[in-house]
There are 2 protein chains.
Amino acid sequence: MSDDHLKIIASIATTLNFDKGEMIFHEGDKGNGFYMVETGTIKVFKLSFEGKEQILHIYGPGHAFGEVPVFEGKNFPASSMALEKSVIIFLPRDKFVNLITSTPGLGMNLLADLSRRLREFTIQIENLSLKEVPARLSAYFLTLSREQKNEKKIMLPISKAQLSNLIGTTPETVSRVLKKMMDSSLIEVQTKTIVIKDIEGLQDLSESGSL
Amino acid sequence: MSDDHLKIIASIATTLNFDKGEMIFHEGDKGNGFYMVETGTIKVFKLSFEGKEQILHIYGPGHAFGEVPVFEGKNFPASSMALEKSVIIFLPRDKFVNLITSTPGLGMNLLADLSRRLREFTIQIENLSLKEVPARLSAYFLTLSREQKNEKKIMLPISKAQLSNLIGTTPETVSRVLKKMMDSSLIEVQTKTIVIKDIEGLQDLSESGSL
DNA sequence: ATAGCGCCTTGACATGGATCAAGTAATTGA
DNA sequence: TCAATTACTTGATCCATGTCAAGGCGCTAT
């Protein structure tokens, strides 16, 4: 979203504070507006009947979320929680809709934003359905490596437990796969830091391979 | 999408014919426009390295698809194939963008459309990650039952092989699970027709249960 | 009709990853 | 800084589902 649009939005929005672990909205709630991360980190996730969690997104500063029900006039398809102390901008539905219709260009930006998210879901579905855990983990590290410019040394922005819920597995499996990746000299792990030792190997693994 | 918008679109679009099995676009192609099914059925899908397929959408008459790259200015994140002889409406990118910017209201409709698709993906991810095959199959039957108004007797719109790719499994597993569902008197299967005998049981199964 | 070809079913087997349980490391807060 | 809580690791076991292989059913076209 452009800076101009951000300023317009900020001027009519309210800010909300959330502590770590606090819920921002629940699946099934009426979608009453539009949210944006100002500081902190949030997750958007689904819980199964038995309490298992699948994370759909992790968003940091500048990211918008929770718009889907605004455009559809329905309720939230997933829940959201602050992963740390966070400041969230909130824009009520009616003001937001006015804004879109009165601001040409903003609509196109939103279309692009939703499209990007559809693309990401496409990849997530592909990963869950067509790839095994080692491939999903490698793909995640490669994504982090691209996002953080420090190509070889990446910082995990979330705990390994959250990571396992993001890639659709368990902490135990993540732990075991990380070990195998170290044994194969693909990476080195130090708590929250991962050093990529063999980026080609990681790329192969993320596409097809097994360990 | 409203009838008015459909008419406007039809007036500047071209129509394309596809035979069963013909590709409409390939993952990675430049997104050069926007498609809509006029007659027939199409699938949007991903292929893994090893050739395994995950179907993302199955669309019939009236459904738009392939817009994501238009808004993003990138390439297709998935491929599309006609599942039967189909007529497809195609609108080139530049004409489409003009149309959106010059037609207030259309943008909001598109936002709603993309939001609906995000919601569907959310459910698909939940299903793949948090539910087992019997739950996914039941959920699919319940969706069909809602879509087709003939509550108890539903018609499979696709082959069981395609169905297995849609719910992220194999024909063998579908076959076995269907058998178990018959043994439990949840459904009756006659080739392409499914009769729901115990809708409550199916609902339980789609949420939590195993057979 | 019936031959032939896909689609579907069934069985035997292999395996990735979940779960349960116990121990170890790392953070947090008083 | 140390205790307490939480996060992570490791091992043993189990199970759902994938894979391979063979057989049967049902369309479609001649």
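Fair warning: this is a prediction, and the values are worked out from it, not measured in the lab. Hydrogens, waters and symmetry mates are skipped; everything else that's a heavy atom, side chains included, is used. Convention: sequence-line order gives letters A, B, ...; per-chain numbering from 1.
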Chemist: Once you round it to whole Å, what is the distance between P of D:dA7 and CG of A:Leu178?
Modeler: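 Computing the A:Leu178:CG to D:dA7:P distance gives 17 Å.
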Chemist: Rounded to the nearest angstrom, tell me the gap between atom NZ in A:Lys192 and atom P in C:dT27.
Modeler: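 Interatomic distance, NZ of A:Lys192 to P of C:dT27: 8 Å.
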Chemist: Need the bend value for the helix from C:dT9-D:dA22 to C:dA30-D:dT1: angle between end axes, 5 pairs each end, nearest 10°.
Modeler: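 Inter-axis angle at the ends, rounded: 50°.
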Chemist: Closest to the B:Thr170 side chain: D:dT19, C:dC8, C:dA26?
Modeler: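 Of all the options, the side chain of B:Thr170 is nearest to D:dT19.
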Chemist: Once you round it to whole Å, what is the distance between C1' of D:dC27 and NZ of B:Lys20?
Modeler: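 Answer to the nearest Å: 11 Å.
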Chemist: Would you say a side-chain N or O of A:Lys160 is under 4.0 Å from OP1 or OP2 of D:dT9?
Modeler: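 So the side-chain polar atoms of A:Lys160 do come within 4.0 Å of the phosphate oxygens OP1 or OP2 of D:dT9, strictly under.
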Chemist: Considering non-hydrogen atoms only, spot the tightest contact between B:Leu56 and B:Gln124 and give its length.
Modeler: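 Distance-wise, the nearest heavy atoms are O-OE1, 3.4 Å.
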Chemist: Answer yes when B:Arg117 and B:Asp113 have at least one side-chain N-carboxylate O distance shorter than 4.0 Å, and no when they do not.
Modeler: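 Yes, B:Arg117 and B:Asp113 are salt-bridged.
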Chemist: In whole Å, I'd like the distance from the CD1 atom of A:Ile167 to the P atom of C:dG16.
Modeler: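 Rounded to whole Å, this separation is 16 Å.
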Chemist: Is a donor-acceptor pair below 3.5 Å formed from side chain B:Glu172 to base D:dC20, judging by atom type as modelled?
Modeler: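 Check passes, donor-acceptor contact within cut-off.
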Chemist: Please work out whether the ring planes of A:Tyr35 and A:Phe65 are parallel, tilted or perpendicular, with thresholds of 30° and 60°.
Modeler: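 Rings of A:Tyr35 and A:Phe65: parallel, as their planes differ by under 30°.
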Chemist: As a test of reading the structure: which of D:dT10, C:dA18, D:dT17 is closest to the side chain of A:Ser175, going by heavy atoms?
Modeler: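 Among D:dT10, C:dA18, D:dT17, the one nearest the side chain of A:Ser175 is D:dT10.
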Chemist: For a quick check of understanding: with a heavy-atom distance under 4.0 Å over all strands, which category does B:Val174 fall into, base, sugar-phosphate or nothing?
Modeler: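 Nothing, no heavy atom under 4.0 Å.
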Chemist: Could you check whether the side chain of B:Gln162 and the base of C:dC7 have a donor-acceptor pair of N or O atoms closer than 3.5 Å, going by distance alone?
Modeler: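 Side chain to base: no pair present.
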Chemist: In whole angstrom, give the distance that lies between atom CG of A:Asn127 and atom P of C:dG17.
Modeler: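 It works out to 13 Å between those atoms.
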Chemist: Carefully, step by step, assess B:Glu120 and B:Arg116 under the rule salt bridge (charged side-chain N to carboxylate O under 4.0 Å, His left out).
Modeler: CA-CA 6 Å; B:Glu120 283 163 7; B:Arg116 193 180 39 69; 3.0 Å; yes
Chemist: Could you tell me how the ring of A:Phe34 sits relative to the ring of A:Phe96: parallel (under 30°), tilted (30 to 60°) or perpendicular (over 60°)?
Modeler: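 The rings of A:Phe34 and A:Phe96 lie parallel, inter-plane angle below 30°.
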Chemist: What is the distance from CG of A:Leu163 to P of D:dA7, rounded to the nearest Å?
Modeler: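 It is 14 Å, rounded to the nearest whole Å.
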Chemist: Should A:Lys179 be listed as having a side-chain N or O under 4.0 Å from OP1 or OP2 of D:dT9?
Modeler: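 No, because none of the side-chain N or O atoms of A:Lys179 sits under 4.0 Å from OP1 or OP2 of D:dT9.
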Chemist: Name the closest nucleotide to the A:Pro134 side chain, picking from C:dG11, C:dT27, C:dG17.
Modeler: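 Closest nucleotide to the A:Pro134 side chain: C:dG17.
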Chemist: Checking contacts here: which listed nucleotide (C:dA26, C:dG17, C:dC8) is nearest the side-chain heavy atoms of A:Thr169?
Modeler: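 The closest nucleotide is C:dG17.
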Chemist: From the set C:dT10, C:dC8, D:dC8, return the single nucleotide nearest to any side-chain atom of B:Ser159.
Modeler: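 Of the options given, the side chain of B:Ser159 lies nearest C:dC8.
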Chemist: For D:dT17 and B:Thr173 - does any side-chain N or O of the residue sit under 4.0 Å from the phosphate oxygens OP1/OP2?
Modeler: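 For D:dT17, OP1/OP2 do not have a side-chain N/O of B:Thr173 under 4.0 Å.
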Chemist: Taking atom P of D:dC14 as reference, at what distance in whole Å does atom CD of B:Glu132 sit?
Modeler: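 Nearest whole value for this atom pair: 18 Å.
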Chemist: Under the criterion side chain to side chain donor-acceptor pair (under 3.5 Å), which of B:Glu53, B:Gln54, B:Glu27 is the partner of B:Lys46?
Modeler: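 The passing option is B:Glu27.
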Chemist: Would a distance-only check, ignoring hydrogens and angles, find a side-chain to backbone donor-acceptor pair under 3.5 Å from A:Gln162 to A:Ser159?
Modeler: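 Absent.
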Chemist: Measure from the side-chain N and O atoms of B:Thr122 to the backbone N and O of B:Leu118, and report whether any donor-acceptor pair falls under 3.5 Å.
Modeler: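 It does hold such a pair.
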Chemist: Per the atom types in the model, does the base of C:dG11 pair as donor or acceptor with the side chain of B:Arg176 at under 3.5 Å?
Modeler: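 For B:Arg176, whose side chain was compared with the base of C:dG11, there is a donor-acceptor pair (under 3.5 Å).
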Chemist: From NZ of A:Lys131 over to C1' of C:dG16, roughly how many Å is that when rounded to an integer?
Modeler: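 Nearest whole value for this atom pair: 17 Å.
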Chemist: Between A:Lys52 and B:Pro171, who's closer to the 5' end of DNA chain C by nearest nucleotide?
Modeler: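 It is B:Pro171 whose nearest nucleotide is closer to the 5' end.
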